[in-house]
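No experiment lies behind these values; they were computed from the predicted model shown.
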Amino acid sequence: QPDLLQMATTALNLFEEENNNKGFFLMIEGSRIDHAEHSNDAAAAYHEVVQFEKVFKLVMDVAKRRGDTLVIATADHETGGISLGRSVYGGSIDGYNWYPAILKGVTRSAETIGRILENTTTDNLGSTFHTYTGITLTQEEINQLINAKQNNIEMWYAATRLI
């Protein structure tokens with residue numbers, strides 16, 4: 001599936017080829033940001049914002065080159081508290097953490113990681129989680145995933161609690 005930058009590049013190229021002198025209207029929406037925020041999936045939100053920044057740069061480059069283009073960027077609400085951090089699983093205010101550098105190493109959304117973990121044996125939950133996040137879990141955290149799996153708690157939710 002193409003990402004937002006690939007889709008925007010293709011759309012801009014097509015419009016410029018077809019309508020070079022006529023002008024055109026193009027709306028590009030980074031809707032996956034909102035999806036990630038509603039799921040409290042900080043890593044996916046981070047990667048979606050980075051992707052949107054690349055798209056915005058592309059659009060601004062096209063606008064500057066053309067000289068006849070108006071670019072309007074607007075934002076939806078931020079729902080996931082990404083700038084606030086979170087309380088660790090079962091923790092108190094002393095356990096309130098925010099480690100944004102970790103988000104760069106997460107290679108899949110919590111939703112995708114959850115689907116993968118649902119199909120992973122309990123013996124491999126820690127290593128599988130590490131493969132897609134770069135995070136090495138403690139035995140207590142692995143036990144949280146095992147508990148979630150055994151109690152039919154959605155694994156994407158369990159994953160967001162550990163990222």
Side-chain angles (χ1 to χ4, degrees), residues 1-89 91 95-120 128-137 141 145 148 153-163:
Q1 175 174 333
D3 62 28
L4 187 62
L5 182 59
Q6 293 166 326
M7 291 187 287
T9 300
T10 299
L12 286 166
N13 288 339
L14 288 171
F15 272 116
E16 285 203 287
E17 287 172 16
E18 300 279 326
N19 303 301
N20 196 25
N21 295 323
K22 297 179 190 173
F24 57 89
F25 172 84
L26 176 63
M27 179 177 155
I28 302 169
E29 181 181 13
S31 63
R32 297 293 297 170
I33 296 168
D34 195 49
H35 180 84
E37 289 286 346
H38 281 288
S39 298
N40 290 318
D41 188 346
Y46 165 80
H47 288 289
E48 292 299 325
V49 169
V50 168
Q51 181 79 196
F52 191 81
E53 183 178 14
K54 291 175 184 175
V55 170
F56 189 76
K57 182 182 181 319
L58 169 72
V59 171
M60 290 304 295
D61 289 346
V62 169
K64 287 176 187 171
R65 186 182 76 248
R66 288 182 59 91
D68 64 352
T69 304
L70 171 65
V71 176
I72 300 172
T74 182
D76 196 352
H77 55 283
E78 196 285 324
T79 61
I82 195 168
S83 63
L84 301 176
R86 65 169 177 80
S87 175
V88 295
Y89 212 29
Y96 200 70
N97 297 305
W98 176 233
Y99 305 109
I102 290 172
L103 303 179
K104 292 181 183 179
V106 179
T107 60
R108 301 288 187 280
S109 69
E111 183 179 1
T112 300
I113 293 170
R115 280 196 303 270
I116 293 167
L117 292 176
E118 286 170 3
N119 296 308
T120 301
T128 301
F129 190 84
H130 182 269
T131 297
Y132 297 102
T133 65
I135 299 169
T136 302
L137 298 177
E141 292 167 328
L145 288 178
I153 296 170
E154 293 189 51
M155 294 305 288
W156 71 265
Y157 178 77
T160 61
R161 304 301 295 162
L162 296 171
I163 297 174

Output the distance between atom [atom1] ([X]) and atom [atom2] ([Y]), rounded to the nearest 0.5 Å.
| X | Y | atom1 | atom2 | result |
| --- | --- | --- | --- | --- |
| Glu29 | Asp34 | CD | CG | 8.0 Å |
| Glu154 | Leu117 | CD | CG | 13.0 Å |
| Leu137 | Thr128 | CG | OG1 | 10.5 Å |

Exercise: identify the closest heavy-atom pair between [X] and [Y]:
| X | Y | answer |
| --- | --- | --- |
| Gly114 | Met155 | O-CB, 3.4 Å |
| Ala45 | Ala36 | N-CB, 3.4 Å |
| Ala8 | Ile28 | CB-CD1, 3.8 Å |
| Phe15 | Phe25 | CZ-O, 3.8 Å |
| Ile113 | Ala159 | CG2-CB, 4.2 Å |

- Residues in side-chain hydrogen bond (donor to acceptor under 3.5 Å, both in side chains) contact with Glu141, at least two apart in sequence or another chain: Thr138

Check whether [X] reaches the backbone of [Y] with its side chain - one donor and one acceptor, N or O, closer than 3.5 Å.
| X | Y | answer |
| --- | --- | --- |
| Thr160 | Tyr157 | yes |
| His47 | Arg108 | no |
| Glu16 | Asn13 | no |

- By side chain to side chain contact (heavy atoms under 4.5 Å, CB included), which residues pair with Ile102, not counting sequence neighbours? Tyr99, Ile135

- For Glu111, the side chain to side chain contact (heavy atoms under 4.5 Å, CB included) test, sequence neighbours excluded, returns Arg32, His35, Ser109, Arg115

- Should Phe24 and Leu14 be marked as a side-chain contact (heavy atoms from CB on, under 4.5 Å) after you check the CA-CA gap, both sets of side-chain angles, and the distance that decides it? CA-CA 11 Å; Phe24 57 89; Leu14 288 171; over 6 Å; no

- Task: Using a 4.5 Å cut-off on heavy atoms from C-beta on, say whether the side chain of Asp3 contacts that of Met7.
- Result: no

- Item | Test item: Phe129 and Ile163 side chains (from C-beta on) under 4.5 Å apart, heavy atoms | yes

Would you give me the side-chain donor-acceptor pairs under 3.5 Å for residues 51-60, sequence neighbours excluded?
unit_1	atom_1	unit_2	atom_2	d
Gln51	OE1	Leu5	N	2.9
Lys57	NZ	Asp61	OD2	3.0

